[in-house]
Amino acid sequence: MAQNPVPVPMQDKDRLEDALNTQKYMTEAYNALANECAASNIRDELLNILQDEHNIQADIFREMQKRGWYPTTPADQQQIQAVKQQFTVSAQPS
């Protein structure tokens, strides 16, 4: 007879990763809803909620960075200019 494994409690890092992934999902969902909404007053409210969700996501992201759990590498000026040029060229009409 197999024994049931003892559940391991979530650590702070796991909780924040879960919260960050949830916020990413929420922003995708609210964005899709706002894009498909025909009523301007409801669309405006969805956009307000979307902004709130993005702010929550940014707070979680900053907390993870602060704790060293989501390291990022700053882009140098040459990388920034290359990306700007790429999107400037692709955004112009043919």
Side-chain angles (χ1 to χ4, degrees):
M1 190 163 141
Q3 291 183 332
N4 291 335
V6 176
V8 178
M10 289 179 75
Q11 301 298 313
D12 287 347
K13 181 180 180 184
D14 300 322
R15 285 186 184 100
L16 285 174
E17 284 176 351
D18 184 59
L20 184 63
N21 288 329
T22 298
Q23 286 308 125
K24 289 177 181 180
Y25 172 78
M26 295 296 293
T27 57
E28 289 175 10
Y30 278 112
N31 190 57
L33 288 168
N35 284 338
E36 298 295 325
C37 189
S40 61
N41 59 335
I42 296 173
R43 181 179 182 275
D44 290 345
E45 188 56 35
L46 289 170
L47 291 173
N48 288 334
I49 295 168
L50 177 61
Q51 183 63 52
D52 291 343
E53 296 297 331
H54 274 295
N55 290 339
I56 294 167
Q57 183 271 336
D59 290 343
I60 295 168
F61 175 78
R62 281 191 294 275
E63 183 61 30
M64 291 185 74
Q65 272 192 314
K66 184 174 80 174
R67 296 179 184 208
W69 296 336
Y70 206 119
T72 58
T73 305
D76 63 29
Q77 194 59 38
Q78 185 177 2
Q79 291 171 313
I80 294 169
Q81 289 303 321
V83 170
K84 285 173 69 173
Q85 182 177 5
Q86 174 189 352
F87 286 100
T88 301
V89 170
S90 66
Q92 294 180 1
S94 301

Visitor: Does the side chain of Ile60 come within less than 4.5 Å of Ile56's, by heavy atoms?
Guide: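 A side-chain contact exists here, since the closest heavy-atom pair is under 4.5 Å.
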
Visitor: Group every Ile, Leu, Val, Met, Phe, Trp and Tyr by side-chain heavy-atom contacts under 4.5 Å, then state whether Leu46 and Met26 land in the same group.
Guide: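 Yes.
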
Visitor: Could you state the interatomic distance from CZ (Arg62) to OH (Tyr70), rounded to the nearest 0.5 Å?
Guide: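 The OH atom of Tyr70 is 13.5 Å from CZ of Arg62, to the nearest 0.5 Å.
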
Visitor: Tell me yes or no: between the side chains of Thr27 and Gln57, is some donor less than 3.5 Å from an acceptor?
Guide: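 The criterion, which ignores hydrogens and geometry beyond distance, is not satisfied for Gln57 and Thr27.
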
Visitor: Output yes when Asp18 and Arg15 qualify as a salt bridge under the 4.0 Å nitrogen-oxygen rule, no when they do not.
Guide: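 Result for this pair is no, no salt bridge flagged.
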
Visitor: Please tell me whether Glu45 and Asn41 have a donor and an acceptor in their side chains that are separated by less than 3.5 angstrom.
Guide: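 Absent: no donor and acceptor within the cut-off.
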
Visitor: When rounded to the nearest 0.5 angstrom, what is the spacing between CG in Leu47 and CG in Asn35?
Guide: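 Taking CG in Leu47 and CG in Asn35, the distance rounds to 8.5 Å.
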
Visitor: Would you compute the distance between atom CD of Gln23 and atom OH of Tyr30 and round it to the nearest 0.5 angstrom?
Guide: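 Output value for this atom pair is 9.5 Å.
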
Visitor: Ion pair present between Arg67 and Glu63, side-chain N to carboxylate O less than 4.0 angstrom?
Guide: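 Answer for the salt bridge query: yes.
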
Visitor: Is it possible for you to say whether Tyr25 and Met10 belong to one hydrophobic cluster, with membership spreading through side-chain heavy-atom contacts below 4.5 Å?
Guide: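 Different clusters.
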
Visitor: With a 4.5 Å heavy-atom cut-off, do Leu16 and Lys13 have their side chains touching?
Guide: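 Answer no - side chains too far apart.
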
Visitor: Is Ile80 reachable from Val83 through a run of hydrophobic residues whose side-chain heavy atoms are each under 4.5 Å from the next?
Guide: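 No.
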
Visitor: Quick check: closest heavy atoms across Cys37 and Arg43, and the distance to 0.1 Å?
Guide: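 Nearest pair, atom of Cys37 first, then Arg43: SG-N, 3.6 Å.
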
Visitor: State the CG-CE distance between Asp59 and Met64, to the nearest 0.5 angstrom.
Guide: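 One finds 13.5 Å between CG of Asp59 and CE of Met64.
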
Visitor: Between Gln51 and Asn48, is a side chain to side chain contact (heavy atoms under 4.5 Å, CB included) present by the stated rule, with each step listed?
Guide: CA-CA 5 Å; Gln51 183 63 52; Asn48 288 334; 5.8 Å; no

Visitor: Please determine whether the number of non-hydrogen atoms from other residues, nucleotides or ligands lying under 6.0 Å from atom CZ of Phe61 exceeds 12.
Guide: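 Atom CZ in Phe61 is crowded, with more than 12 foreign heavy atoms closer than 6.0 Å.
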
Visitor: Return the NE2 to CD1 distance between His54 and Ile49, rounded to the nearest 0.5 Å.
Guide: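 Going from the NE2 atom of His54 to the CD1 atom of Ile49 covers 12.5 Å.
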
Visitor: Looking at Gln77, Gln79, Gln78, which hits side-chain contact (heavy atoms from CB on, under 4.5 Å) with Gln81?
Guide: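 Passing option: Gln77.
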
